[in-house]
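Predicted, not measured: the structure shown is a model, and the values here were computed from it. We're numbering straight along the sequence, starting at 1.
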Amino acid sequence: MEHEVFVPVPAERLREVLDDPARVARAVPGLQQDAGAEPVAGRLKIRVGSHSVTYRGAVRVSRRDGAAYAVEGEAEESRGSGSVKLSLRIALREAEDGCTVVYDGTASADGRIKDLPADAVESAVIRLLDRFAEHLAAAATGADDEAPASPPRAPSGQDTGAEAEEKAPADPGLTEESPAPERPSAFGADVPPSSLGPAAEDEEDIAEAAHARRTMIGRSAEEVDHAPPRGRYAPVPAPQTVTPPGPLRWAAPAAALALASAVVAVRALRRRR
């Protein structure tokens, strides 16, 4: 892995920061230090694409060859069995109006981060190195002294992984994005006064109450709850078939029989005459 970052700070000022482990710890983006541990030790949450991985470990920074620095670090996942090892060399190269921070090293990891896309992991590492160089420059110019330092964390083993996730600070580009501002609720807004006067409102209330009383008088609660709809939504009754009563059903055949008997009797009498 090779990467370069330009910062508008002289190299000598950056060396003063790198020689102080406490200032190096404050320059690591999102690092939460453990109380009573090494200066550059604690919990670090790294955002890789839409995922985030939290590591707990330590980093040692030592000066080599007079101008370069060796960084050795080991960490383990706070929620899992994965681990990562880092071996990095930091060199400062003089440049116009500042210097260039040159990173050169290797890293090996297993666990959750191996299942993530390689380009997303590389982008997260580059973003972390860029932020680290920016924080070193801010520390060299004294800007970090104005900002309050993050309080040290309790020793390892006193807080669970869930509590540590909640206590971890949000660092731009490394952890989750800041939550969006809450939208004002319409329920808390004041209700504007009605355009109708109080007298008109009273008249409307009285009319509605009178109509409700006229509708409810003489009807029980069950009748009101189960009353069928009226008007255009009323159900259409099914057609009914009118069935004549039993005696009327035999009246027509009996009358026809009587008439036929009378005709036969009249004809018989005429033949006898």
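Contact annotation: the side chain of C99 never approaches that of V9 to less than 4.5 Å [non-hydrogen atoms, C-beta and beyond]. Two residues are said to be in side-chain contact when any heavy atoms from C-beta on lie closer than 4.5 Å; R15 and Y69 meet this criterion. Between T54 and R43, the closest side-chain pair of non-hydrogen atoms falls below 4.5 Å.
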task: Just do the side-chain contact (heavy atoms from CB on, under 4.5 Å) check on V102 and T100 with the steps written out, would you?
output: CA-CA 6 Å; V102 181; T100 302; 4.2 Å; yes
Full working for side-chain contact (heavy atoms from CB on, under 4.5 Å) between I46 and L44: CA-CA 6 Å; I46 302 178; L44 179 63; 4.1 Å; yes
- request: Determine, stepwise, if the pair S83 / D110 fulfils side-chain contact (heavy atoms from CB on, under 4.5 Å).
  value: CA-CA 6 Å; S83 61; D110 56 6; 3.2 Å; yes
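R47 places a side-chain N or O within donor-acceptor distance of the main-chain N or O of G49, the cut-off being under 3.5 Å. Looking only at distances, a side-chain donor or acceptor of R112 sits under 3.5 Å from a matching main-chain atom of S52. Not one N or O on the side chain of E77 forms a donor-acceptor pair closer than 3.5 Å with the backbone of V53. Using a distance-only test at 3.5 Å, with no hydrogens or angles considered, a donor-acceptor pair links the side chain of T141 to the main chain of A137. At distances below 3.5 Å, at least one donor-acceptor pair connects side-chain atoms of R23 with backbone N or O atoms of A139. Side-chain atoms of R13 come within 3.5 Å of backbone atoms of A140 as a donor-acceptor pair (strictly under, hydrogens ignored). Remark: the backbone N or O of M1 is not paired with any side-chain donor or acceptor of Y103 at under 3.5 angstrom.
Taken to the nearest 0.5 Å, the OG1 atom of T106 stands 8.5 Å off from the CG atom of L88. Interatomic distance, CD of E76 versus NZ of K85, reported as 10.0 Å (0.5 Å rounding). Note that NE2 of H3 is 10.0 Å distant from CD of E122, once rounded to the nearest 0.5 Å. Separation of atoms CG (L31) and CD (Q33) is listed at 5.5 Å; rounding is to 0.5 Å.
With sequence neighbours excluded, the residues that form a side-chain hydrogen bond (donor to acceptor under 3.5 Å, both in side chains) with R93 are E4.
The hydrophobic cluster containing F6 does not contain L128, counting ILVMFWY residues as joined when their side-chain heavy atoms lie under 4.5 angstrom apart, directly or transitively. Linking ILVMFWY side-chain heavy atoms closer than 4.5 Å, directly or via other members, places V121 and V84 in a single hydrophobic cluster.
When all heavy atoms of P29 and R131 are compared, the closest pair comes out as CG-CB, 3.4 Å. When every heavy atom of A68 is checked against every heavy atom of R89, the shortest pair comes out as CB-NH2, 3.6 Å. The nearest pair of heavy atoms linking V101 to A133 is CG2-CB, 4.5 Å.
Heavy atoms of other residues, nucleotides or ligands lying less than 6.0 angstrom from CD of E94 number more than 12.
Each of V61, D19, V59, V71 was checked for a side chain to side chain contact (heavy atoms under 4.5 Å, CB included) with V24, and the lone residue meeting it is V61. Across L92, V17, I90, a single residue satisfies side chain to side chain contact (heavy atoms under 4.5 Å, CB included) together with L136, and that is V17.
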